[in-house]
Protein chains: 2
Amino acid sequence: MGITEKRARHKEAFRREILDSARMIFIKRGYDGFSMRKLAEKIDYSPTTIYLYFKNKDDLLFAICEEFFETFLTELNRIRSVSRDPLRTLRQAVLYLINFGLLNPDQYKLIFFTKSVYGTREELVEQETMARNTYFVFMEIVQECIAAGKLRKLEADVIADTFAIASHGLVAKSIFCANSAKGKNEVVALTLVDALLRGLRK
Amino acid sequence: MGITEKRARHKEAFRREILDSARMIFIKRGYDGFSMRKLAEKIDYSPTTIYLYFKNKDDLLFAICEEFFETFLTELNRIRSVSRDPLRTLRQAVLYLINFGLLNPDQYKLIFFTKSVYGTREELVEQETMARNTYFVFMEIVQECIAAGKLRKLEADVIADTFAIASHGLVAKSIFCANSAKGKNEVVALTLVDALLRGLRK
DNA sequence: TGTTATTCTTAACGCTGTTAAGTTACCAGA
DNA sequence: TCTGGTAACTTAACAGCGTTAAGAATAACA
């Protein structure tokens, strides 16, 4: 192993360390509560060192989002490979996302309710991100439901949006609204998803 | 009219002016983009003067939220007085909220996705705010639907939450997700609400 | 006119993201 | 082993932020 290679490895590992520390602070203190100086202190380097590994604060957030979508995409493919019933696949996919949000509200908020890290739709399509890939796979699942005659023949993106909305709304409510029914989030989740499936079934 | 009364009136008017200017900046630039210094410049006073009329930045946001819930509550009562069919009332109420969100995404974001200005559930119930009153009226509408045998006999707060979630999710998606189907928000809104009503109907 | 309360401003503290410039550490070639 | 260059990192600074303490100006009343 050459020395330049060793250096590259160390650099990669250091980038990882920065990213992991950043995620912890982001999740714990929120977007505003996060600061480059706090991150610097945590990793025991000066604030400016971070800029050698990430373009800026939002670039750190982008990297964190991409990592989430990577695991989400993996999970989608797993669910898909296990179940052959597309409607069941769809239900499990949505419930997975909701469950993640309810278990990790701060991270969900960070990823979905903080900044439009992926820009406009055109930029997203061009950019070859994990977020884009995940959205495409999700659309495929919905289209399989329609093709199998399990869902009403609405446009696939409308239905896909509808389910994404369910998750977003549910988690948003549990995060932001103090007057939401505490401890009933799981009940509401099932009520919501199954009501939607019932309402959209052929 | 005494002079002290005149002063009180002027003070009230000035407070209004500050609040209106604050809302403009908040909506235009978001929570982070808003600053006390920018507000001060807009109203042509020093930053510290604002603190004589509002406790701090979040107190300004609270006042803006309360004003929204006041108009929303008025609208809820209007819809209710016009229509006798509770299910139709519920549908219109939800669509009003969604429509407001789609037309005023920045303000919706500010009110629902920025900070938990109303604290915990206990604090909300104690505090006698417009937000609390609005939530109670919304719950009443749902309960009327159940009492009239139009909805499945789930717990009222679960159903109320489900519809609030629909609105939150839809608007959240249109705000934050670049990959949402642009220009189709109205279609998605109707699909979502009617699917829910269909799914929750008795 | 003198006293007092109200209203507003100046100055400051300790934060923030980010950049420019300078310093140290290390590796390659002679 | 010495030297040149580069990669890694730091110091210092700019302009902005929310908020507070203390002082100045204004207006109301005696």
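By convention in this document, chain letters (A, B, ...) are assigned in the order of the sequence lines, proteins followed by strands, and residues within each chain are numbered from 1. A quick note: this is a predicted structure, and the numbers were derived from the prediction, not measured. The basis for the numbers below is simple: all heavy atoms, side chains too, and nothing from hydrogens, waters or symmetry mates.
Between the CG atom of A:Asp58 and the P atom of C:dT18 there is a distance of 7 Å, given to the nearest Å. One atom, CG of A:Asp59, and another, P of C:dT19, lie 12 Å apart when rounded to the nearest Å. Rounded to an integer number of Å, the gap from CG of B:Leu61 to C1' of D:dG18 is 15 Å. Computed from coordinates, the B:Glu12 CD to C:dT7 P distance equals 13 Å when rounded to whole Å. With rounding to whole Å, A:His10 atom NE2 is found 11 Å from C:dC26 atom P.
In this view, B:Glu41 satisfies the salt bridge (charged side-chain N to carboxylate O under 4.0 Å, His left out) rule with no residue, not counting sequence neighbours. For B:Asn56, the side-chain contact (heavy atoms from CB on, under 4.5 Å) partners are B:Tyr51, B:Asp58, B:Asp59, not counting sequence neighbours. Remark: A:Glu66 engages no residue in a salt bridge (charged side-chain N to carboxylate O under 4.0 Å, His left out) (not counting sequence neighbours). Take B:Phe138 and apply the ring pair (Phe, Tyr, Trp, His ring centres under 6.0 Å) test, not counting sequence neighbours, and it matches no residue. Applying the ring pair (Phe, Tyr, Trp, His ring centres under 6.0 Å) test to A:Phe54 and every residue at least two apart in sequence or in another chain returns nothing. Every residue two or more places apart in sequence or in another chain that forms a salt bridge (charged side-chain N to carboxylate O under 4.0 Å, His left out) with A:Glu140 is listed here: A:Arg80.
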Side-chain donor/acceptor pairs under 3.5 Å, residues 91-98 of chain B, sequence neighbours excluded:
from, atom 1, to, atom 2, distance (Å)
B:Arg91, NE, B:Asp194, OD1, 2.8
B:Arg91, NH2, B:Asp194, OD1, 3.4
B:Arg91, NH2, B:Asp194, OD2, 3.1

Show the atom names and distances, to 0.1 Å, of all donor-acceptor pairs under 3.5 Å that link a side chain in residues 102-113 of chain A to residues at least two apart or in another chain.
from, atom 1, to, atom 2, distance (Å)
A:Asn104, ND2, A:Phe100, O, 3.0
A:Tyr108, OH, A:Ser167, OG, 2.8
A:Tyr108, OH, A:His168, ND1, 3.2

Which donor-acceptor pairs under 3.5 Å do side chains of residues 15-29 of chain A form with protein atoms, sequence neighbours excluded?
from, atom 1, to, atom 2, distance (Å)
A:Arg15, NH1, A:Tyr53, O, 3.2
A:Arg16, NH1, A:Glu67, OE2, 2.9
A:Arg16, NH2, A:Asp20, OD1, 2.9
A:Arg16, NH2, A:Glu67, OE2, 2.9
A:Asp20, OD1, A:Arg23, NH2, 2.6
A:Ser21, OG, A:Glu17, O, 3.0
A:Arg23, NH1, A:Glu67, OE1, 2.6

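In this structure, A:Tyr31 has its ring center no closer than 6.0 Å to that of B:Tyr31. Taking the ring centroids of A:Tyr118 and A:Phe62, they lie under the 6.0 Å cut-off.
For the segment residues 41-52 of chain A, residues with any heavy atom less than 4.0 angstrom from an atom of DNA chain C are, sorted by number, A:Thr48, A:Tyr51. Scanning residues 22-30 of chain B for heavy-atom distances under 4.0 Å to DNA chain D yields an empty list.
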Tabulate protein N/O versus nucleotide N/O from nucleotides 15-17 of chain D, keeping only pairs under 3.5 Å, one per line.
from, atom 1, to, atom 2, distance (Å)
D:dC17, OP1, B:Ser35, OG, 2.8

